[in-house]
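To start, the structure under review is shown below, and the notes come after it.
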Amino acid sequence: MQYHFNEIEAKWQKYWAENKTFQAVNQSNKPKYYVLDMFPYPSGAGLHVGHPLGYIASDIYARYKRHKGFNVLHPQGYDSFGLPAEQYAIQTGQHPAITTETNIKTYRRQLDQIGFSFDWSREVRTSDPSYYKWTQWIFIQLFESWYNNDSNKAEAIETLVSKFASEGNTHVNAVCDDNIEAFTAEQWNSFSSEKQQDILLQYRLTYLAETEVNWCPALGTVLANDEIVNGVSERGGHPVIRKKMTQWSMRISAYAERLLQGLDTIDWTDSLKESQRNWIGKSVGASVTFKVLSNEECHAELVEASHKIEVFTTRPDTIFGVSFMTLAPEHELVSEITTPEQKAEVEAYIQATAKRSERDRMADVKTISGVFTGAYAEHPFSKEPIPIWIGDYVLAGYGTGAVMSVPCGDQRDYDFAKHFNIPIPNIFEGVDISEEAHADKDHTIIANSDFLNGMNYKKATKRAIFELEQLGQGEGKTNYRLRDAVFSRQRYWGEPFPVYYVNGKPQMIDKAHLPIRLPDVEKYLPTETGEPPLGRADVWAWCTETHLVVSNDKINNTTVFPLELNTMPGWAGSSWYFFRYMDAHNDQKFASEDALNYWENVDLYIGGSEHATGHLLYSRFWVKFMKDRGFVNVEEPFKKLINQGMILGTSAIVYRINIKTVDASKNRIISDGAFKYISVKSNIFASYNYLVSISNNEIKPSSTNSGLFFEAKNKELIFSLMKLFEVENEYLEQVLDGNCVLEITYDPIRIDVNNINNSDEIIDFDKMKLWNEFENALFINDSGHIEDEGGVFTVGREVEKMSKRWLNVVNPDSICEQYGADSLRLYEMFLGPLEQAKPWNTAGITGVHGFLKKLWKLYVGENGLHVNDSEPTKDNLKTLHKTIKKVEEDIENFSFNTSVSTFMIAVNELTTQKCTSKKVLEPLLVLLSPYAPHIAEELYSQLGYNESISTAPFPKFDASHLVESSKNYPISFNGKMRFTLELPMDMSKDEIEAAVMSHEKTKAQLQGREPKKVIIVPGKIVNIVE
RNA sequence: GCUGAAGUGGUGGAAUUGGUAGACACGUUGGACUUAAAAUCCAAUGUCCAUUAGGACGUACGGGUUCAAGUCCCGUCUUCAGUACCA
């Protein structure tokens, strides 16, 4: 009986589906374990072999945990709102829901054929109204919450309202908008409802705010920074302008500190935690207020009270080193403080910066630019006037958009000061600042700084803040880089907001009436007036009497009101989906309390590192919010997280050859295509091996750049090349005379990797000729013959990102068909460490496939099963238990590549041992089952079981089988291993030394010399030092 | 620049605690079986020197610690990823 993987795999996939083998239950005596893959977007292109890598790893772990006696939740679903479906809809008019449905079907088929142990009964889709109903519900909860800094958590907005009503807002310690007016309880109670709503909006965790965005009028949409290249849209090259728009925002900044602290409680990689830390960007320092001196006279008595510049600094200890101030060109005070003499220059500078995109400004770090405003600020302590400059190295969006410049301690300030000849006072004891700024704060003593003299960074900072507070001109402050997150998208294919507007004030629709379904539109583009696509919907108004979405023409602004036209961003649905899997069909709650209490949070989360600062930060924010409001009882969504590395493609390259004769100075081309073949045929392609061989292995053609490959100088070679290319005689003579040079250049051309065999050779030339480029082409094969096709033709290879563009995409469908899902699963793991990026090369899969065949043969012979009840030998048990130990350790460490090797070694050994014992071969199947579940199930059933192998207990490791009686000692001389010696394990050090020293090879090695020292580590090594 | 990861045969990679570097595979070469091919099986395969015995070199580079270094320490270089005028 042979190993018919296709039949076996189809059979077990059907069995698992019919028997609901992997359905998780919400009540169990077993301990729970929750394994989750990052939410996939079902793209139209389907899966390539890179996609399932993480799924295979998590599946192995999930299956392993089932063998270990856990109740495992391992669900899967789709983050099915998103741009590609919308783009497709814009182009074709096809409703995105239809495209999405089709794509999901393809995805599901591809996932099923790989044999994942997903519990599909819990599938969720973000675009399903029964799901986004709860996304809308959470949005409303955020709207109805504020962040209380005193209790350090989010609270219901009612608690804020009652505070306002009883004591006004002056004692409220909340995370809110800047520049909020103070009011008393009486004032609050006398405010109109509209005014009250306006005020509350400044406190809510989701709020409407004016945000500056990159608006592209031609596309009618907002673009992300990386969608803009050189100030125009990447797609289409349309101009982009900065525009203020009213959009929903999320007050994630309220959670900055908790998001930072929480990182210490979770088991994520350092690099991931580090990028979240960077993103949150906490800096501790002080805010300092500088008074602006009046324009007329720079005397302290004439300080104009109305103009103050607030700055944030991490180095209040260096405040006596301030020699100028710099404002961002966009800073609102710039126009007010600029003196008439400087006005023209300042305005020109502001205009020039406005033209540069934010990205350009950031990319260009070298150019120092700025303008003096003519105004001066007063130093809070020395009362000296300080010139105020503007410069585009100060960003409007960070801190207060203004800095106190301390050139001696900050390199950018230093460069600026040098460039504009501003004094650079030195306030560090014994430090030379003639060449560059001195940023070190740990080993530096402050000098020339009045009351800070002689203090170190820590002391001086404390004192400076204290003194600033005394003056009322500053205080200690912690600043975060993390900005509130914009939550509105001018798109169609996303969650609609449950929001309508009364007199322009947002109102939440009552939770009882959710979901608010996405309306139909006849086109998926923005409206002519620049409104989002939902502006095209005819039925998109809210009736407060019937609680229904009604036709727009019923809008009367008394009972029927317009609905929100934006939709939610992609991260809305993905920020909480892991809770929905716990209770996917609940229509009363997003998940029942019982389910939430049982499953808690995700134990193991696997996905790509591209979500480091998006999804993984936002979902942590939402979970913390939901915890605060008592909806869930966990503080973090993902306990352990692993980033799988990208699988890269191995592109196949052929070299298009150009032959020219040029004059000896190489300036003038004498002939370009003066060859018979070129005049007849369009293209000549050379094989990699040919190109390497004619250059005597000196040149390896680059796969990415075209260029001069070869210059023929050698007469013999010239002859052979001319013969090969049938160069016309007139040139032949000139080349031989040395008047001309034969020059060969090449262009690398990628061809489909699926047309390459295991030895990097082209399989099918006819298939290739379907591409224009290769039609009628000629091929110089490895042996140097020009042929229409055929011969051995080796391609060059280059590792690059797997993408259609490079023709290096390998589809798992064809792998499964040719080698089976178990081979695919094993090979993906075998490629290398999970976290590392590594190239895919289909050629190698024969190795793991051969292993599976060998495994099969260990159990099944030509006449059926040859496993029996014979007692295992000592060797059998040794092999088994060493495999158990290694595989278990590997799985716990997510080192799946090494366990595949371990399986290979085990099967090689057991085959050599001719093992037929069920007592060894059965546990081996359980070990293998997480990796290659189909073959494991099949052989397990052939051993006589009617149940699935999926919950068979994981074999117990017994160390007694690994105890060795002897050890093959490496005998080293001065650390170099010379020979090995088999010695009993129970020998003492002295006995070992005696045995080694008396050995003839030792004597030969020493040649009579007396060793200085003999190092013996029993059970490990012997080292003789001469 | 900063942060993180990494650098080992022709290739993917192994060596988890400092203790026989290159496991396990791919590829290559030779052989068996076959009319032939495929499949399968066997053997060799880091580089160099040597007929053999054996020897020298070898984990990006330069130092160091140690009886012993891919592994630890110092310095340098390179690659990849993320991030960036963050005050």
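Keep in mind it's a predicted model, so treat the numbers as computed, not measured. Lettering of chains follows the sequences in order, A, B, ..., and the numbering in each one begins at 1.
The CD1-P distance, from A/Ile845 to B/G27, rounds to 12 Å in whole Å. Atom P of nucleotide B/C2 and atom CD of A/Glu274 are separated by 14 Å, given to the nearest angstrom. Rounded to whole Å, atom P of B/C2 lies 21 Å from atom CH2 of A/Trp279. Taking atom CD on A/Glu800 and atom P on B/C80, their separation rounds to 13 Å, with Å as the unit. When the P atom of B/C86 is taken as reference, atom CG of A/Asp392 falls 13 Å away, rounded to whole Å. If you take CD1 of A/Ile905 and P of B/C24, they are 6 Å apart, rounded to a whole angstrom. Separating the CD atom of A/Glu828 from the P atom of B/G13 is a distance of 14 Å, rounded to the nearest angstrom.
Taking every side-chain heavy atom of A/Thr313 into account, B/A87 is the closest of B/G82, B/A87, B/U20. Distances were taken from every side-chain heavy atom of A/Ile1015 (C-beta onward) to each of B/G82, B/C85, B/G19; the shortest belongs to B/G19. Side chain of A/Lys853, nearest nucleotide from B/U40, B/C67, B/C85: B/U40. Considering only side-chain atoms of A/Tyr393, the nucleotide from B/A14, B/C85, B/G27 that sits closest is B/C85. Closest to the A/Ser283 side chain, of the nucleotides B/C24, B/C26, B/A87, is B/A87. Each of B/A23, B/U40, B/C86 was ranked by its minimum atom distance to the side chain of A/Arg412; first place goes to B/C86. Of the candidate nucleotides B/C24, B/G12, B/C86, B/C86 has the atom lying nearest to any side-chain atom of A/Leu395. Across B/A87, B/C26, B/G12, the shortest atom-to-atom separation from the side chain of A/Val403 is found for B/A87.
Aromatic ring orientation, A/His999 versus A/Phe979: parallel (interplanar angle below 30°, classes split at 30° and 60°). Taking the six-membered ring for Trp and thresholds of 30 and 60 degrees, A/His615 and A/His611 have ring planes more than 60 degrees apart, a perpendicular arrangement. Ring geometry, A/Tyr819 versus A/His849: the interplanar angle exceeds 60°, so the pair is classed perpendicular (tilted spans 30 to 60°). In this pair, A/Phe420 and A/Trp389 present their aromatic rings tilted. The plane angle is within the 30 to 60° band.
Taking atom C1' on both B/C77 and B/C86, the two are 30 Å apart, rounded to the nearest angstrom. With both ends at atom C1', the span from B/U45 to B/G9 equals 10 Å, rounded to whole Å. The gap from the P atom of B/C2 to that of B/G19 amounts to 33 Å, rounded to the nearest Å. Remark: the separation of the C1' atoms in B/A21 and B/G82 is 33 Å, to the nearest Å. For the C1' atoms, the distance from B/G70 to B/G13 is 14 Å, rounded to whole Å. With both ends at atom P, the span from B/A69 to B/A50 equals 29 Å, rounded to whole Å. Comparing B/A53 with B/A44, their P atoms are spaced 14 Å from each other, to the whole Å. For the P atom pair drawn from B/C48 and B/G58, the interatomic distance equals 15 Å after rounding to whole Å.
Across all strands, A/Ser901 comes closer than 4.0 Å to base atoms (heavy-atom distances). Among the protein residues, A/Thr326 comes within range of no part of the nucleic acid, since none of its heavy atoms lies under 4.0 Å from any strand. Among the heavy atoms of the strands lying under 4.0 Å from A/Asn897 are primed sugar atoms or P, OP1, OP2 only; no base atom is included. When heavy atoms are screened at a 4.0 angstrom cut-off, A/Asn1023 is found touching base atoms of the nucleic acid. Residue A/Asn908 is in sugar-phosphate contact alone, with no base atom involved, counting any heavy-atom pair closer than 4.0 Å across all strands shown. Here A/Phe830 lies in heavy-atom contact (under 4.0 Å) with a base. If you check every strand for non-hydrogen atoms under 4.0 Å, A/Val1025 touches sugar and phosphate atoms only. Using a 4.0 Å heavy-atom distance criterion, A/Arg978 is classed as a sugar-phosphate-only contact. Heavy atoms of A/Lys1012 sit nowhere under 4.0 angstrom from any nucleic acid atom.
Glycosidic conformation of B/G9: syn, with the torsion inside 90° of 0.
Across all strands shown, B/A32 is found opposite B/U40 as a Watson-Crick or G-U wobble partner, with both distances under 3.5 Å. In this entry B/G1 has B/U83 as its Watson-Crick or G-U wobble partner, both defining distances falling under 3.5 Å. Nucleotide B/G22 forms no Watson-Crick or G-U wobble pair with any nucleotide shown, as no partner meets the under 3.5 Å limit on both distances. B/A69 makes up no base pair with any nucleotide shown, lacking Watson-Crick or G-U wobble contacts both under 3.5 Å. Remark: B/C57 base-pairs with B/G46; criterion is Watson-Crick or G-U wobble with both hydrogen-bond distances under 3.5 Å.
Using a 4.5 Å heavy-atom cutoff, the side chains of A/Phe903 and A/Leu927 are in contact. Residues A/Thr980 and A/Tyr969 are not in side-chain contact: their nearest non-hydrogen atoms beyond the backbone lie 4.5 Å or more apart.
For the pair A/Arg481 and B/A87, the criterion of a side-chain N or O lying under 4.0 Å from OP1 or OP2 is not met. Using a 4.0 Å cut-off, no side-chain N or O of A/Lys1020 falls inside it from OP1 or OP2 of B/G18.
A salt bridge links A/Arg277 with A/Glu274: at least one charged nitrogen is closer than 4.0 Å to a carboxylate oxygen.
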Check against side-chain contact (heavy atoms from CB on, under 4.5 Å), A/Leu617 and A/Leu482: CA-CA 11 Å; A/Leu617 201 59; A/Leu482 184 69; 3.9 Å; yes
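Judged by distance alone with a 3.5 Å cut-off, no donor-acceptor contact links the side chain of A/Asn278 to the base of B/C2.
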